[in-house]
Amino acid sequence: STIQDLEDFIVSNNLLPLGSFENAAALEQECRFRQAEEAAAGENWETAEALYRSITGRKDAQERADDAKYRWAEQEQRSGNSGQALRLFLDLGNYGDAPAQAQLLAKELTGESDPQKALLLAQDLSEEQIALREELRRQRSRLPRDVIDVGFYHTVARTAGGRALACGSDEYGQCGVSGWTDITAIAAGAYHTVGLRSDGTVVAVGRNTEGQCATEDWTDITAIAAADWATFGLRSDGTIVWTGYNDYGEVSGWTDIASITGGSYALGALRSNGEALLSHRTARSDELSGLVSLAVNTAFAVGCRADGTVVSPAFALDGWENILAVSASGTAVLGLASDGTVRSFAFRASDLPDTSGLSDVCAIAAGGTHFAFVHTDGSVTVRGENGCGQTDTQNWKLF
């Protein structure tokens, strides 16, 4: 039935004169309730919420309206409409866990770890700003992760099928990865290569004079990173293990870690709230908060925020906008832009990476003298010095 059907029924059957107005109103309320139930059954939560809200004759109507609005908010969130979802959760006041959901969304949109500050900032965002952040978030989620890295004189990668590839100097056996299988992440130190297997174990080859390849006993690892002379693993419980050069004692106290990154003598980590943890005190700064990605080197760190801006306390990256990810070496910094192009910065003009003509890039890796770029078709471009064949990736196809 519809409201119009009910009205027609009342008129055609002359119910108003014979009965009471209250009876007709009750019938109308019942019709609205049935319509609301039908809308809810079809997961048309916006319509269901409005219909339930218009009903005054049932005690459970307002509760059902709140439930419909909550489900509407969840629906918008799943569709990537975080701004609308945030407004709906806020409208619900203290209903269920709506306040907690609003805080989570606000932190996601703003990169601010403090819930109250995040809510204030999020409510000041325009529709355009929210849409941009949502689009950047979607693009970041589609990026291939841990597929490329570079050492001093070698380049390593993994394929979608779990194979490992390497080219360049093999002086210490760092390119001896042809037999590796089930590889889900790859990392390179100065003269060693590390691979994470799908079962949470870690393999490593290359120079081992500092013990950086001693990963054979590691288990339950979800991510890996490498510095020049060390290897790091992130456990599923959010803690870190490491081997090799051992000046990283305080990382044993780090908890709630969501991702890790290495560079030169440095380790960097991001907590789930976007807080950056750095092994080197000289690189630490309050500016490095609310981050979605992080890159480190011994003396500095670079962070990317949810709005695509990039921050580094060590230097300014003017004009860098809509950045999805960053990578850093001792000589230069790379930024992957949302349009598939690459931004670059170098401390000396002579070290500036050549990023001209690059397009459709989905992963980057910065080294001291060579730089790697993965394209959306799975091909790999490496630019820079090639004295050891470290740029010979013309036949690589990662996916």
Side-chain angles (χ1 to χ4, degrees), residues 103-126 129-130 132-134 136-137 139-140 143 225 227 232 234 238 240 248 250-251 253-338 342-348 351-352 364 366:
Q103 289 178 355
L104 287 173
L105 273 172
K107 289 194 288 185
E108 181 181 288
L109 286 169
T110 64
E112 171 59 57
S113 59
D114 180 86
Q116 296 307 315
K117 290 182 180 178
L119 282 172
L120 290 173
L121 289 172
Q123 291 177 78
D124 286 338
L125 293 175
S126 67
Q129 289 172 318
I130 290 174
L132 173 61
R133 292 173 190 229
E134 278 300 296
L136 293 176
R137 184 186 62 80
Q139 291 190 35
R140 287 191 188 99
L143 294 177
F232 308 93
L234 174 61
I240 294 173
Y248 299 98
E250 70 177 271
V251 308
W254 291 1
T255 59
D256 189 33
I257 304 303
S259 64
I260 56 175
T261 182
S264 194
Y265 284 85
L267 173 69
L270 280 183
R271 283 192 163 129
S272 55
N273 64 1
E275 175 190 359
L277 300 177
L278 304 174
S279 60
H280 282 61
R281 294 182 182 277
T282 55
R284 297 172 187 173
S285 170
D286 290 340
E287 293 181 70
L288 296 168
S289 61
L291 306 179
V292 295
S293 67
L294 176 71
V296 298
N297 209 269
T298 301
F300 68 92
V302 182
C304 182
R305 290 184 170 142
D307 63 356
T309 59
V310 177
V311 58
S312 176
F315 44 80
L317 295 170
D318 297 329
W320 284 33
E321 297 178 344
N322 300 334
I323 302 300
L324 303 178
V326 287
S327 181
S329 71
T331 60
V333 177
L334 300 176
L336 174 60
S338 61
V342 179
R343 309 287 181 267
S344 61
F345 166 87
F347 299 101
R348 299 182 304 179
D351 292 328
L352 188 68
I364 53 178

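Note that these values count all heavy atoms, side chains included, but never hydrogens, waters or copies made by symmetry. All of these numbers come straight from a predicted model, not from anything done at the bench.
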Rounded to the nearest 0.5 Å, how far does [atom2] of [Y] lie from [atom1] of [X]?
X: Leu104; Y: Asn273; atom1: CG; atom2: CG; answer: 11.5 Å
X: Thr309; Y: Leu291; atom1: OG1; atom2: CG; answer: 9.0 Å
X: Leu352; Y: Ser344; atom1: CG; atom2: OG; answer: 4.0 Å
X: Leu294; Y: Cys304; atom1: CG; atom2: SG; answer: 10.5 Å
X: Ile130; Y: Asp307; atom1: CD1; atom2: CG; answer: 12.5 Å
X: Ile323; Y: Leu334; atom1: CD1; atom2: CG; answer: 10.5 Å

Non-hydrogen atoms of [X] and [Y] that approach each other most closely:
X: Glu250; Y: Arg281; value: OE2-NH2, 4.2 Å
X: Phe345; Y: Ala316; value: CE1-O, 4.3 Å
X: Ala301; Y: Ala283; value: N-CB, 4.3 Å
X: Ala366; Y: Ala332; value: CB-O, 4.3 Å
X: Leu125; Y: Arg133; value: CD2-NH2, 3.6 Å
X: Ala325; Y: Ile364; value: O-CD1, 3.9 Å

Does the side chain of [Y] come within less than 4.5 Å of [X]'s, by heavy atoms?
X: Val333; Y: Val310; value: no
X: Leu109; Y: Glu134; value: yes
X: Leu267; Y: Val296; value: no
X: Thr255; Y: Arg271; value: yes
X: Leu143; Y: Leu336; value: yes
X: Leu119; Y: Gln116; value: yes

By salt bridge (charged side-chain N to carboxylate O under 4.0 Å, His left out), Glu287 pairs with (sequence neighbours left out) none
Taking Arg137 for its side chain and Ala306 for its backbone only, find out whether a donor-acceptor pair lies under 3.5 Å. no
Is Tyr248 reaching over with its side chain to a backbone N or O of Tyr265, donor-acceptor style, under 3.5 angstrom? yes
Per the side-chain hydrogen bond (donor to acceptor under 3.5 Å, both in side chains) rule, what does the pair list look like for residues 311-329, sequence neighbours excluded? Ser329-Thr331
